[in-house]
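The figures that follow rest on heavy atoms only: side chains count, while hydrogens, waters and symmetry mates do not. Each chain gets a letter, A, B and so on, in the order the sequences are listed, and its residues count up from 1.
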Amino acid sequence: METVRVRFAPSPTGALHIGGAHTALFNWLWARRMGGSFVLRIEDTDRQRSTEAFEKTILAGMRWLGLDWDEGPDCGGGFGPYRQSERLDLYRRYAEELLEKDLAYRDGAAIIHRIPQDRTILFEDIVYGSIEIKSETIKDTVLIKSDGTPTYNFAVVVDDHTMAINYVIRGEDHIINTPKQILIYDALGWELPHFAHLPMILGEDKKKLSKRQGATSVYDYRDLGYIPEGIFNFLALLGWSAGDDKEIFDRHEATALFDLAKVAKRKAVFDMKKLDFVNQEHLKRLDPIRKLDLVRPFWEAIGLDSRLVDDGYLLRSLDLLEGRGQTLKEMAAYSDFFLSFDPVKERYDGSDISEAIKARLRPFFEALLAIGNWDHDAMAELARQWAIDKGLKLKDLAMPLRWALTGRKVSPGIFEVAVHLGPEEVRRRLAHYGLI
RNA sequence: GGUCCCAUCGUCUAGUGGCCUAGGACACAGCCCUUUCAAGGCUGCGGCACGGGUUCGAAUCCCGUUGGGACCGCCA
């Protein structure tokens, strides 16, 4: 059985966007599933718009997502070079061959493929099934542009063949290009690869995902606080299902289950709400140490220096969040009061608690601070007893405490918060609001 | 306009002729838990675009209609 060779061939004219990442992901999945090779090729024949900087961010974006490749411009391989701009001789050579066979003709400096008439091109797409098109509906196609560089349709065929790519997996928008490319394979006498087209990803307005819709590159999502595991999982769900109602999985599980034949035909809408959910599920499964490292930059972004705080304390702070937060950004925001009293003071001035109420609560808070064993159960018991004695509800005590310690009306269990902050810090915050 | 593709809850999907009074997930609503919000548990809402066939039987096969989309560059 032949060894699977697939490729992802981005053009370095922008960052790695969601659509590209989706295509790269499915190629990667197929390569890893089949024990094949995943090749990265840079399609930089558009000299105007291609830049080295974009090439770098695309590679970095793929690494961030965890899509490692076996051959590429940075690591080489047996079928290089891996940038089209470095393969110009190759395209020229095969264009000459077509010219000699009289299957192409010149027009100025360009070379143009003469499309045969009365041919029916039929191919079997792994996802879409058999597709048929008549050759007379195809116009003669440019192979080599006047500036000497190859067009996409020519370069892709030459590269895929010479790089021994046997599965061409790409977006559905390329179905229409496939017959033109098949004609080139035929003209050159080359064997066809398998074709598998993937459904496109749409924005929430059901239009093709574009820059107008805000976040579009994978880095935008990273900066919003999504983690690679979440994006990976969510993207894999667009156009494919693992079966058995399994929707949350890691890359290893996905690899074991993936099957190109199970890919859906229908276009999929990129639903942020579902992304949030999937991301949250992966956040919950994250190793604590890694989670801490991932949250740090988001604390920093809101002016909190986590390096000033003990790691053990930080670890426990995140632990107390217990599933709260769908992104790293939210986790950082929800836990800010653990790192500093400043944000609490900024958002809460204590003016909603009257002097009368403060006077009534002071004895309770004094008793709380005087508690023998500084733990959750002791505090909860004290509060419960106090509330009963004074004819109050537990929340009459818990809410003012929550406001004073966190500056918010929502937080993790407030006694757990108090335990974690420690008696000195609790005293400081209560004193600030005149509650002791 | 031409060529090609698609069509199951709002969204992602399961479903490949009988297991479907169409299953799951997100979202939404309600309930439970509860010091708040989450998390978790339970319940509910909600769909085979339409019309013809084929068949004992169709979400599944065929045809048509309608609706979406892609492409029609010396961009990729």
message: Tell me every residue that passes side chain to side chain contact (heavy atoms under 4.5 Å, CB included) with Ser50(A), counting only those two or more places apart in sequence or in another chain.
response: Pro12(A), Thr13(A), Asp44(A), Asp46(A)
Expressed in whole Å, how much space separates the [atom1] atoms belonging to [N] and [M]?
N      : M      : atom1 : answer
A58(B) : G53(B) : P     : 12 Å
U35(B) : U43(B) : C1'   : 26 Å
G46(B) : A22(B) : P     : 12 Å
G47(B) : C26(B) : C1'   : 15 Å
C50(B) : G67(B) : P     : 15 Å
C19(B) : A29(B) : P     : 35 Å
U8(B)  : C20(B) : C1'   : 12 Å
A27(B) : C12(B) : P     : 15 Å

Assign [X] to base, sugar-phosphate, or nothing according to its heavy-atom contacts below 4.0 angstrom with the strands shown.
X         : answer
Gly108(A) : nothing
Gln48(A)  : nothing
Phe234(A) : nothing
Pro412(A) : base
Lys274(A) : base
Lys246(A) : nothing
Ile175(A) : sugar-phosphate

- prompt: Cation-pi between Arg33(A) and Phe258(A): NZ/CZ under 6.0 Å from ring centre and within 45° of the ring axis?
  reply: no
query: Cation over ring, Arg222(A) on Tyr219(A), under 6.0 Å and within 45°?
result: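 Pair Arg222(A)/Tyr219(A) counts as cation-pi.
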Nucleotide opposite [N] in a Watson-Crick or G-U pair, distances under 3.5 Å:
N      : value
C71(B) : G2(B)
G51(B) : C63(B)
A29(B) : U43(B)

Of Gln326(A), His282(A), Met272(A), the residue whose pairing with Tyr226(A) passes side-chain contact (heavy atoms from CB on, under 4.5 Å): Met272(A)
Measuring to OP1 and OP2 of [N], would you say a side-chain N or O of [X] lies under 4.0 angstrom away?
X         : N      : result
Ser241(A) : A14(B) : yes
Lys273(A) : A25(B) : no
Arg266(A) : U8(B)  : yes

From the options [options], select the nucleotide whose nearest atom is closest to the side chain of [X].
X         : options               : result
Met399(A) : A27(B), U36(B), C6(B) : U36(B)
Phe415(A) : A39(B), C6(B), U35(B) : U35(B)
Asp245(A) : C5(B), U11(B), G23(B) : G23(B)
Val410(A) : C12(B), C5(B), C37(B) : C37(B)

Quickly work out the [X] [atom1] to [N] [atom2] distance and round it to whole Å.
X         : N      : atom1 : atom2 : result
Phe258(A) : U13(B) : CZ    : P     : 13 Å
Ile121(A) : U3(B)  : CD1   : P     : 15 Å
Arg170(A) : C5(B)  : CZ    : P     : 16 Å
Trp240(A) : G15(B) : CH2   : P     : 12 Å
Lys409(A) : U36(B) : NZ    : C1'   : 10 Å
Asp259(A) : A14(B) : CG    : P     : 12 Å
Leu394(A) : C33(B) : CG    : P     : 15 Å
Asp271(A) : C28(B) : CG    : C1'   : 12 Å

- prompt: Where each residue is assigned the nucleotide of RNA chain B containing its nearest heavy atom, which of Val263(A) and Phe277(A) is assigned the position nearer the 5′ end?
  reply: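 The residue closer to the strand's 5' end, by nearest nucleotide, is Val263(A).
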- prompt: Between Ser130(A) and Ala380(A), who's closer to the 5' end of RNA chain B by nearest nucleotide?
  reply: Ser130(A)
field: Reference residue Glu229(A); test salt bridge (charged side-chain N to carboxylate O under 4.0 Å, His left out); the match among Lys284(A), Arg285(A), Arg290(A)
entry: Arg290(A)
task: Could you go through the side chain to side chain donor-acceptor pair (under 3.5 Å) check for Tyr91(A) and Asp159(A) one step at a time?
output: CA-CA 9 Å; Tyr91(A) 311 126; Asp159(A) 289 337; 2.8 Å; yes
field: Ring centers of Tyr94(A), Phe154(A) separated by less than 6.0 Å
entry: no
- prompt: Does the ring center of His174(A) lie less than 6.0 Å from the ring center of Tyr152(A)?
  reply: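 Close enough - the centres of the two rings lie under 6.0 Å apart.
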- prompt: What string of B, S and - do you get for nucleotides 67-76 of chain B, 5' to 3', if B is base contact, S is sugar-phosphate-only contact and - is no contact with any protein heavy atom under 4.0 Å?
  reply: -BSSSSSBBB
Non-neighbouring partners of Arg5(A) that pass salt bridge (charged side-chain N to carboxylate O under 4.0 Å, His left out), sequence neighbours left out: Glu71(A)
field: Modelled atom types, side-chain donor and acceptor of Thr162(A) and Arg87(A), under 3.5 Å
entry: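 Present: a donor and an acceptor within the cut-off.
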